[in-house]
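One structure below.
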Amino acid sequence: MTPPPRRPVTGRPARPRPAPARPATPAARPEARPRALPPAEPRPSTGPQRTAPGESRATGEHRTVPTPLRPAAPRPVREPAPDTGGQAEVLDPHAPTVTTYTSGRRGFALPVRASVVSERSAERFAERARARRRVAVRQVVIGASTLLAVGSLAWLLLLSPVLALDPARVAISGAGTVVAVDQVAAVVGGRAGTPLPRLDTVALRDDVLEVPGVREARVMRDWPRGLVVQLVSREPVAAVPEPPSTSAAAPGGPVAGFALLDMEGVKVGRVDVPPEGLPVVRVPVGDARTLRAVLTVLEALPPDLLGQVGEVSAETQDTVSMVLRDGARVVWGSAHETSLKIAVLQALRAAPASAGAAVFDVSAPTLPITR
């Protein structure tokens, strides 16, 4: 089958342009020469055409004008290596830089691309390394300084004599009439020289409570080297006769002295003669309930009325009676309704009709009796 005729190309025939060739360095490739391109095949023309200079218009033939070649940049040449036989090696300026390392077998090398690090990147890496070193050094310095500061503070507070207790700076208050201040000072002086942060105030308070006559105690630090001790003493409210022997005890019998009792019935002292202004309490020996009822009545009396009481006696907790210092006798009864009984007794002693009575019976406060 005959192929269809090729369509003629009108116009100026295209001239083939040879590819630019880089001439090799004569020292490297002496045999390299620029290759001549084969002549272009003329194409038939169907119409009038322009001809290049030198072409014949009669025949329509044209000739190829060779384009001059631009000389290529010379390729860098590396000095001949000892194992290459003295031949120079041509380096491509556009080829990436590689290096090689030798593996386990002798003479066998693998190409490895070198790490590309700019000068600016290297400077940044070096600056980062220096910054990390500075941070590490700063952390070490801060840690050591903190440890030194904590150790110094602990020594100052817990071991040094700067905050040690000075007995001369101890203030004692609230001793009253029965607490020996020198005994309390002796107890506190046993902790002299102890730094206040290490001073056990709870244990010191317990030791102070062991002093006779101390009812309550409060211990507070007085910085930098002092101490404040506040006491609540057991003030005596009654003097109870003490017989020579318990077996011979009898109402109205001989006594060997008087025991001083506070509001809670605790003995806070002993005297041979009852103190002035302190009532004498006569109750059966060992009867704690009766004694408690008498002390409850005395605790509730106002100071002006308590100062008028000379003696209190009771056989049971419901038969409390008092003898005032002016000789009047008060039948009190039990410790119930004490506030009402006090108000009735004060009203009866203030009234002109009953002020001179010898007996005031307020055991039933709603129906008092005077005689």
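We're numbering straight along the sequence, starting at 1. Only heavy atoms go into these numbers, but all of them, side chains included; no hydrogens, no water, no symmetry mates.
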Legend entry - Which atom of P236 lies closest to which atom of V268, heavy atoms considered: CB-CG2, 4.0 Å
Legend entry - In one Ile/Leu/Val/Met/Phe/Trp/Tyr side-chain cluster, 4.5 Å: W223, L158: yes
Legend entry - E127 with R124: basic N within carboxylate O range, under 4.0 Å: no
Legend entry - Common cluster, L305/V331, ILVMFWY with side-chain heavy-atom separation under 4.5 Å: no
Inset, instruction - Considering non-hydrogen atoms only, spot the tightest contact between R225 and A164 and give its length. - result: NE-O, 2.9 Å
Legend entry - CG on L231 to CZ on R218, rounded to 0.5 Å: 12.5 Å
Inset, instruction - Is it possible for you to say whether L148 and L153 belong to one hydrophobic cluster, with membership spreading through side-chain heavy-atom contacts below 4.5 Å? - result: no
Inset, instruction - Decide whether V181 and V214 are clustered together by the hydrophobic rule: side chain heavy atoms of Ile, Leu, Val, Met, Phe, Trp, Tyr closer than 4.5 Å, transitively. - result: yes
Legend entry - Under 3.5 Å: donor-acceptor pair, side chain of K341, backbone of A335: no
Inset, instruction - Return the minimal non-hydrogen interatomic distance between V178 and S233, and the atom names on each side. - result: CG2-CB, 4.4 Å
Legend entry - Spacing of CG belonging to D318 relative to OG1 belonging to T290, to within rounding of 0.5 Å: 8.5 Å
Inset, instruction - Can you measure from CG (L165) to CZ (R198) and round to the nearest 0.5 angstrom? - result: 11.5 Å
Legend entry - R191 and its side chain to side chain donor-acceptor pair (under 3.5 Å) partner, picked from D207, D200, T201: D207
Inset, instruction - Any chance you could lay out the side-chain contact (heavy atoms from CB on, under 4.5 Å) test for L209 and R205, step after step, and finish with the verdict? - result: CA-CA 6 Å; L209 290 176; R205 172 183 173 273; 3.9 Å; yes
Legend entry - Minimum side-chain heavy-atom gap V312-V297 below 4.5 Å: no
Legend entry - Close side-chain approach of T338 to I342, heavy-atom, < 4.5 Å: yes
Legend entry - Donor-acceptor under 3.5 Å (Q230 side chain, G174 main chain): no
Inset, instruction - Applying side chain to side chain donor-acceptor pair (under 3.5 Å) between E311 and each of R325, R329, R282, report the one that passes. - result: R282
Inset, instruction - Decide yes or no for V184 and V170: does some side-chain heavy atom of the first lie under 4.5 Å from some side-chain heavy atom of the second? - result: no
Inset, instruction - Evaluate whether atom CZ of R270 has more than 12 neighbouring non-hydrogen atoms of other residues, nucleotides or ligands under 6.0 angstrom away. - result: yes
Inset, instruction - Mind checking the CG-CG spacing from L340 to L345? Nearest 0.5 Å is all I need. - result: 11.0 Å
Inset, instruction - In sequence, state the C-alpha distance, the side-chain angles, and the governing distance for Q308 and D326, and then conclude on side-chain contact (heavy atoms from CB on, under 4.5 Å). - result: CA-CA 8 Å; Q308 300 178 22; D326 59 0; 5.6 Å; no
Legend entry - Heavy-atom donor-acceptor pair, T194 side chain to L199 backbone, under 3.5 Å: no
Legend entry - Exceeds 12 heavy-atom contacts within 6.0 angstrom, atom CZ of R130: yes
Inset, instruction - Check whether the side chains of S313 and S321 place a donor and an acceptor atom closer than 3.5 Å, and report yes or no. - result: yes
Legend entry - Reported CD1-to-CG distance for the pair I369 and D361, which is rounded to 0.5 angstrom: 5.0 Å
Inset, instruction - Indicate yes or no: at least one non-hydrogen side-chain atom of P275 is less than 4.5 angstrom from one of L260. - result: yes
Legend entry - Linked, directly or transitively: V179 and V187 (ILVMFWY side chains, under 4.5 Å): yes
Inset, instruction - Report yes if the side chains of V280 and P241 come closer than 4.5 Å at any heavy-atom pair, otherwise no. - result: yes
Inset, instruction - Can you spot which of V229, L227, V228, V208 makes a side-chain contact (heavy atoms from CB on, under 4.5 Å) with I172? - result: V229
Inset, instruction - Compare all side-chain heavy atoms of M322 with those of P279 and state whether any distance is below 4.5 angstrom. - result: no
Inset, instruction - Working to the nearest 0.5 Å, report the span between CZ of R292 and CD of E299. - result: 6.5 Å
Legend entry - Any V362 side-chain heavy atom under 4.5 Å of W332 side chain: yes
Inset, instruction - Could you tell me which non-hydrogen atom of A355 sits nearest to which non-hydrogen atom of R349, and how far apart they are? - result: CB-O, 3.6 Å
Legend entry - Validation row: V237, L261 side chains within 4.5 angstrom (heavy atoms): no
Inset, instruction - Give a yes or no on whether R134 atom CZ has more than 12 heavy-atom contacts from other residues, nucleotides or ligands under 6.0 Å away. - result: yes
Inset, instruction - Let me know which of R234, K267, R215 forms a side chain to side chain donor-acceptor pair (under 3.5 Å) with D262. - result: R234
Inset, instruction - Mind listing the closest non-hydrogen atom pair of A357 and T370 along with its distance? - result: CB-CB, 4.0 Å
Legend entry - Residue pair F360 / A328: nearest heavy atoms and the distance that separates them: CE1-CB, 4.1 Å
